[in-house]
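What follows is a set of notes on a single structure, which appears directly below.
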Amino acid sequence: METTQVANFRREVLRRVAEYTWNDCLPDHIYDILYQFVREDTPRVRCCVHKERAVLKNRIQMALWQPLGMNIINASYAALTGEFDKSLPIMDVLPDACDACPIDRYYVTDVCRHCIQHKCMNNCPKKAISIVNNRAFINRDICIECGRCAKSCPYGAIIEINRPCIRACALDALSAGEDRRTKIDYSKCTQCGNCRAACPFGALEERSMIVPLLLALKQHKPVVAMLAPSFVGQFGMKISAAQVIAALKKIGFADVVEVAVGADITTLHEAEEFAEKVPEKISFMTSSCCPAFVSLVKKHFPEYEENISKTTSPMVSCGLYVKEKAPDMMTCFIGPCIAKKREALEHSDCVDFVITYEELQCIFEGLNIDLTVPAEEEYVTQATAGGIGFPLTRGVQASMKEVLPSERQKTLAAEYADGLENCKDKLTLIKKGKLITEYFEGMACCNGCVDGPGSMAQQGLTRVLVTKFQQAAEKKTSDQSTDAVEAVKKINFEV
């Protein structure tokens, strides 16, 4: 992913938190993040050193999974004693970072011709537009930002300017509050994290589970790392799967399991569910692997909640699979997704922690783990090509289709959408009867999971490497996985 100054600040905080937690000195050194990283002689990105440190405090609070505004020493002690408030949102607005964007939504450009019809004036319900110096002028004290002027202008001289974060949210979950700072409507928000990258001031951030995870590893609790299929190439083109797995074990993970194994399980169970329900019980079924997409359906298209597959997502399937084999094991999902953190809180019986690839990279750096050390042995994937392909375009439906009866494969009418806006548009078409489908695969991230907000590598490169890893798998379809077939027989993988 592109490295920006915002990303550098975020990663420096996560690196330091990981280092201090691991070395048992988090409260003693928490202020070092403020006074060593931001000094009088360091380059400034905000107005003053005090503003820089205020924003860093917000970032520390988020990295410790604590409320914003809490004293950071108290926050560090709270994190170390296991105070983990599950009611806190995953995504939040950093109050000291938000610039309260002092922009007006509608702006008259130099394209204005001072035409005779004055449609902008005539269509304004509040008479907020007048002609000043031969061009339209909007009186901000009267304007209600309804947008009629922009729609009326024959030259398109009045443009709409939205905040980047608001523009990035396809679900209208972000708006400007009375203090002009961005606020999140969590009744609409899916915790997808797309707004985080959109804000030029880095005012939207995710909470992190780094501290409770590292504490569990330090206490030698058995924790299994569950690696999402897109892990290949995330830490550098020359870093092999075997090296990543060796590094995970070096920091204390008891074992490593590919979530692609969970994807194989999801494939088999979801194919059975699809064959049973469509079209006898429901006209179409949606995928369930992307928690942000599932949240979109539940919050914005509640009439289709019954159409969501009741099969657990690959992460949850993998967690159930691990727990069935070793009930005392803890599990940690590692992937590109921010929304998985909320899904994990809802399935805490089988998923204990979730961190992104970015957070894992910060742990490696904070603990001085060298990924370039050659692995002692080559790694052979535990999953099938079908499960590994889940993060690719149409990967879920491709895998499921392969295990359907041959006649059903030929007639399957399947749709795909990536990005919440595209998902919303296609669901709207289905609702209006303009799109007929039997199976709808939805992904919140544009380009699918390979382009998740917690990724470290460019999506194009990841796509190539995942495809290569997929092609190298000995078993091609999910029904060739003995572990997946047996798991579906023994475990309940229904939400």
Side-chain angles (χ1 to χ4, degrees), residues 1-21 26-79 88-105 140 161-169 173-184 193-208 210-211 338 358-359 362 365-366 453:
M1 300 294 281
E2 182 183 3
T3 300
T4 64
Q5 190 61 52
V6 170
N8 289 336
F9 276 116
R10 177 171 62 247
R11 292 169 189 173
E12 180 66 18
V13 169
L14 292 170
R15 276 192 291 266
R16 296 290 190 96
V17 167
E19 177 188 348
Y20 299 152
T21 300
L26 182 62
D28 296 331
H29 289 279
I30 198 71
Y31 270 100
D32 288 351
I33 300 174
L34 303 183
Y35 292 99
Q36 290 181 7
F37 192 54
V38 177
R39 305 186 306 272
E40 292 293 346
D41 60 343
T42 53
R44 195 78 58 242
V45 298
R46 300 184 192 270
C47 61
C48 64
V49 67
H50 307 293
K51 184 70 170 178
E52 297 271 31
R53 288 172 179 163
V55 175
L56 275 180
K57 283 184 181 179
N58 287 163
R59 294 197 177 283
I60 292 168
Q61 291 149 0
M62 295 293 284
L64 298 173
W65 198 290
Q66 298 301 316
L68 291 167
M70 188 177 189
N71 176 279
I72 58 173
I73 291 182
N74 294 339
S76 63
Y77 278 115
L88 289 173
I90 308 300
M91 293 299 306
D92 216 335
V93 180
L94 309 185
D96 288 311
C98 184
D99 191 52
C101 294
I103 59 174
D104 297 302
R105 185 170 179 182
R140 305 297 174 189
I161 307 174
N162 265 329
R163 297 180 181 210
C165 59
I166 293 176
R167 191 167 58 246
C169 181
L174 301 182
S175 61
E178 292 183 1
D179 60 357
R180 297 189 71 93
R181 286 187 170 86
T182 296
K183 63 178 182 179
I184 303 175
N194 285 334
C195 57
R196 188 187 75 167
C199 177
F201 289 90
L204 289 137
E205 194 52 86
E206 62 176 300
R207 286 187 162 83
S208 176
I210 275 186
V211 172
I338 290 175
E358 182 180 48
E359 290 170 307
C362 293
E365 292 174 1

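Here the structure is a predicted model, which means the values were calculated and not measured.
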Between Leu68 and Pro95, the two heavy atoms sitting closest are CD1-CD, 3.8 Å

With the side chain counted from C-beta on, respond yes when Phe9 and Val55 share a heavy-atom pair under 4.5 Å apart, and no when they do not.
-> no

How many angstroms lie between CZ in Arg11 and CD in Glu365, if you round to the nearest 0.5 Å?
-> 8.5 Å

How close do Gly193 and Ile338 get, heavy atom to heavy atom, and via which atoms?
-> CA-CD1, 4.0 Å

Any Ile73 side-chain heavy atom under 4.5 Å of Tyr31 side chain = yes

Do you know which two heavy atoms are closest between Leu14 and Ala63, and how far apart they sit?
-> CD2-CB, 4.0 Å

Decide yes or no for Ser208 and Met62: does some side-chain heavy atom of the first lie under 4.5 Å from some side-chain heavy atom of the second?
-> no

With rounding to the nearest 0.5 Å, note down the distance linking CZ in Arg53 to SG in Cys48.
-> 9.5 Å

Measuring from Asp99:CG to Arg180:CZ, what's the distance to the nearest 0.5 Å?
-> 10.0 Å

Test item: Leu204 and Leu94 side chains (from C-beta on) under 4.5 Å apart, heavy atoms | no

Among Cys165, Cys199, Cys98, whose side-chain contact (heavy atoms from CB on, under 4.5 Å) with Val93 holds?
-> Cys98

So, for Ala176 and Lys183, which heavy atoms are closest and what is the spacing to 0.1 Å?
-> O-CE, 4.3 Å

Separation between CG (Asn71) and CD (Gln61), nearest 0.5 Å, reads 8.5 Å

Is there side-chain contact between Arg163 and Thr182, with at least one heavy-atom pair below 4.5 Å?
-> yes

Using a 4.5 Å cut-off on heavy atoms from C-beta on, say whether the side chain of Val211 contacts that of Trp65.
-> no

Is there a side-chain contact between Thr21 and Ile210, using heavy atoms and a 4.5 Å cut-off?
-> no

Verify, without hydrogens or angle tests, whether Arg167 (side chain) and Asn162 (backbone) share a donor-acceptor contact under 3.5 angstrom.
-> yes

Test item: Glu12 and Gln36 side chains (from C-beta on) under 4.5 Å apart, heavy atoms = no

Heavy-atom nearest pair, Gln66 first then Ala78, reads OE1-CB, 3.6 Å

Looking only at heavy atoms, the pair that brings Ala97 and Asn58 closest together is N-OD1, 4.1 Å

Give, for atom CD1 of Ile72 and atom CG of Leu26, the distance between the pair rounded to the nearest 0.5 Å.
-> 9.5 Å

Is the backbone of Pro89 close enough, under 3.5 Å, to the side chain of Arg207 for a donor and an acceptor to pair up by distance?
-> yes

Rounded to the nearest 0.5 Å, the CD atom of Glu358 sits from the CD atom of Glu206 at a distance of 7.0 Å

